[in-house]
Amino acid sequence: MAETAPRPTNFIRQIIDKDLAAGLHDKIATRFPPEPNGYLHIGHAKSICLNFDIAQDYQGMCNLRFDDTNPEKENIDFVNSIKADVQWLGYQWQGKERYSSDYFDALYGFAVELIEKGLAYVDFSTQDEVREMRGTLTAPGKNSPYRDTSIEENLAHFEKMKNGEYKEGQCSLRAKIDMTSAFMCMRDPILYRVKFAHHHQTGDKWCIYPMYDFTHCLSDAIEGITHSLCSLEFQDNRRLYDWVVENVSVDTIPHQYEFSRLNLEYTVLSKRKLIQLVEESHVSGWDDPRMPTVAGIRRRGYTASSVREFCQRIGVTKMENMVEMSMLEACIRDELNVSAPRRMAVLAPVKLIIENMDDGHVEWLDAPNHPNNPDMGTRKVPFAKEIFIEQEDFREAANKKFKRLVLEKEVRLRNAYVVKANRVEKDEAGNITTIFCTYDADTLGKDPADGRKVKGVIHWVSAVHAKDAEIRLYDRLFNVPNPAGEEDFTGSINPTSLTLMHGKVEHALSEEVTISSDTDALQSYQFERQGYFCVDKDSTTDKLVFNRTVELRDTWAKVEQAG
RNA sequence: UGGGGUAUAGCCAAGUUGGUAAGGCAGCGGGUUUUGAUCCCGCCAUUCGUAGGUUCGAGUCCUGCUACCCCAGCCA
């Protein structure tokens, strides 16, 4: 669509431009490096778009690398869901996906090299001792008594570690850097720990696993990554990143740059909290349409291109941010406004009987699929004596601001005729059960001949032709902008984040909607005056299920609320 | 004075060598409209965390101050 869309500009691309101008690289290489210990969310999407778009725009490459150095928290289901999500977003990594565990042999060799250079040692201090000797933010640490063990002994100990001769927690391999450094991560960081854990990729081959700080930079170097992009909390770690790649024999020296994570209002984007939402059943699962996960957003009806557009709009900086939900919503509205066929659906029906129409009469009207795009064609809409309209579209009495159906007043039925409300029938409780109207047969596709102006237009469906549908309306999952800032974030969960409606959808939908569990083939519609909806995988031939992706902009709601 | 970072509108964010504050979202006003939608038009920072300084000229350079975020896992 927007062929002339300008390339985004951000500080990382500026660094790349400078590096390229300086002749530092002939090809840019990035990577997206998730740990397979959870599902991807919209915050990961920001990183995915950043890394893959840069690779694409600079004709470089982007790897998908699973940072799988902690087998106890990881599993193959997560790697599969992550691969599927990245692809759904529209990206393809270079070659086969990579794993940090692919490099365990090489990493072991680099560790040995460090020991041989006198830059690493096996420490038999307990975890508590290590913590105590590390010092604090304001007090320097103390050297471990194992710091000056000879190279030969260290080599032997490390070998034994690898061979499973030491218990978990009994010892660890540490870099020999500086226990007085102001960077806590430089106070002899642990490089390897003993873990008798089964690994989803390497099985039981290893009982020692390398730590993130040792693994990530070297994996980058091995893969020839030029620009290693990560989030702000790793800024201090960059010193260790640089120390490792400089002290080990690698061919290329990658560099790390940090950008700020995405924060989105009225939701949470931390893996721990997301897990809690699922495990405590606050949501139906990882793909609950209220979840900020890629799977949830997808099921909600967001397209991959709208998520990419969002990532483009929010930009990339080092500033702490809290993006408003309206930013995300605007992206999907912009897209669906152009692409989604219009349909009519009544969410909370009330019967309307047209008194001056014959009982069995059915008129098949043509209705455009899109008001501004005739190329999208038309569909047939049955008009008959009994129809349903929205309960909130009728009032017995109302002021001029209310542009809908009012007793003894007229309103336009969308794509059909002008009707006038004559009387209503109520049940014992006083609820309106039926509205009786007369229609003006000379108003199809034109205004009344006598010059009467009918302001309002409401949607409707033919009672006998309409199909029952469950319509799920979603609201924000939390009722505070920053739930992560609460003492207990689950306390601010919005109790009405999901509203089930038993509605009626127009006839055409019952024929065109295909029942499928294939979440990639999403069918989205605009239910006129209501919003954008997509077919949910829970749909059956007996009952269609729709998710409301997002409402239409609603200036009337504001007027009404204001009084 | 532990260290590392960040401050431009309600939110996100351009602003590259100092030359007189892009754009998007939200909001507000108006027009078109058989969706209170879309679309169109207009408005929305004399000022860039703050106090000084340099300069003909500072969001951009210098100095001081303030606020917020991150770091003391054998997690990533």
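All values reported here derive from a predicted model rather than from experimental measurement. Side chains are part of it too, since the values below use all heavy atoms of this structure and drop only hydrogens, waters and symmetry mates. The chains referred to below are lettered A, B, ... by the order of the sequence lines, with proteins before strands, and numbering in each begins at 1.
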Can you check the M327(A) CE to A13(B) P distance for me, whole Å?
8 Å
OP1 or OP2 of A76(B) less than 4.0 angstrom from a side-chain nitrogen or oxygen of T69(A), does that happen here?
yes
Looking at R412(A) and U34(B), is any side-chain donor or acceptor paired with a base atom of the opposite kind under 3.5 Å?
yes
So what does F310(A) touch, heavy atoms closer than 4.0 Å: a base, only the sugar-phosphate, or nothing?
nothing
For a quick check of understanding: with a heavy-atom distance under 4.0 Å over all strands, which category does F234(A) fall into, base, sugar-phosphate or nothing?
base
What contact category does P371(A) fall into here, base, sugar-phosphate, or nothing, at under 4.0 angstrom with non-hydrogen atoms?
base
Rounded off to whole Å, could you give me the CG-to-P distance for the D334(A) and C39(B) pair?
7 Å
Which is true for I190(A) with a 4.0 Å heavy-atom rule: it touches a base, it touches only sugar-phosphate, or it touches nothing?
base
Check if the side chain of Q530(A) and the base of U35(B) share a donor-acceptor pair of N or O atoms closer than 3.5 Å.
no
Mind checking salt bridge (Lys or Arg N to Asp or Glu O under 4.0 Å) for R134(A) and listing every partner two or more places apart, or none if nothing turns up?
none
Base, sugar-phosphate or nothing for R342(A)? Non-hydrogen atoms, less than 4.0 Å.
base
Reading RNA chain B 5' to 3', how would its secondary structure be written in dot-bracket notation, given Watson-Crick and G-U pairs with both distances under 3.5 Å, brackets [ ] for crossing pairs and | for partners on other strands?
.(((((((.[[[..)...(...]]].(((((.......))))).....[[[[[..)....]]]]])))))).....
Of all the nucleotides listed (C74(B), A13(B), G3(B)), which has the minimum atom distance to the side chain of A182(A)?
G3(B)
For Y302(A), what residues pass the ring-ring contact (aromatic ring centres under 6.0 Å, His included) criterion, not counting sequence neighbours?
none
At 4.0 Å (heavy atoms only), tell me whether N415(A) reaches a base, stays on the sugar-phosphate, or touches nothing.
base
Please report the distance, rounded to the nearest Å, between CZ in R65(A) and P in A76(B).
13 Å
Quote, to the nearest angstrom, the P distance that separates A21(B) from C44(B).
13 Å
Sugar-phosphate, base or nothing in reach of Q127(A), heavy atoms under 4.0 Å
base
Quick one: label R134(A) by what it contacts on the DNA or RNA (base, sugar-phosphate, nothing), any heavy atom closer than 4.0 Å.
sugar-phosphate
What is the distance, to the nearest angstrom, from the CD atom on Q526(A) to the P atom on A37(B)?
11 Å
Regarding N372(A), tell me which of base, sugar-phosphate or nothing describes its non-hydrogen contacts under 4.0 Å with the strands shown.
base
When we call it a touch if two heavy atoms are under 4.0 Å apart, what does D554(A) touch: a base, just sugar-phosphate, or nothing?
sugar-phosphate
Counting only side-chain nitrogens and oxygens, does R238(A) get under 4.0 Å of the OP1 or OP2 atom of G3(B)?
no
Rounded to the Å, how far apart are Y532(A) OH and U38(B) P?
8 Å
Give each protein N/O atom lying under 3.5 Å from an N/O atom of nucleotides 14-19 of chain B, with the pair distance.
{"from": "G15(B)", "atom 1": "OP1", "to": "Q14(A)", "atom 2": "NE2", "distance (Å)": "2.6"}

For D447(A), report the nucleic acid contact type (base, sugar-phosphate, nothing); a contact means any heavy atom under 4.0 Å.
nothing
Contacts under 3.5 Å, N or O only, protein and nucleotides 27-29 of chain B:
{"from": "G27(B)", "atom 1": "OP1", "to": "K558(A)", "atom 2": "NZ", "distance (Å)": "2.3"}

Measuring to OP1 and OP2 of C75(B), would you say a side-chain N or O of R193(A) lies under 4.0 angstrom away?
yes
OP1 or OP2 of C75(B) under 4.0 Å from side-chain N/O of K195(A)
yes
Could you check whether A416(A) gets within reach of a base, just the sugar-phosphate, or nothing at all, counting any heavy atom under 4.0 Å?
base
Would you call K195(A) and E72(A) a salt bridge, taking side-chain N to carboxylate O under 4.0 Å as the test?
yes
Could you run down the sub-3.5 Å N/O contacts of the protein with nucleotides 30-33 of chain B?
none

What nucleotide among G4(B), A26(B), C71(B) has an atom nearest to a side-chain atom of E324(A)?
A26(B)
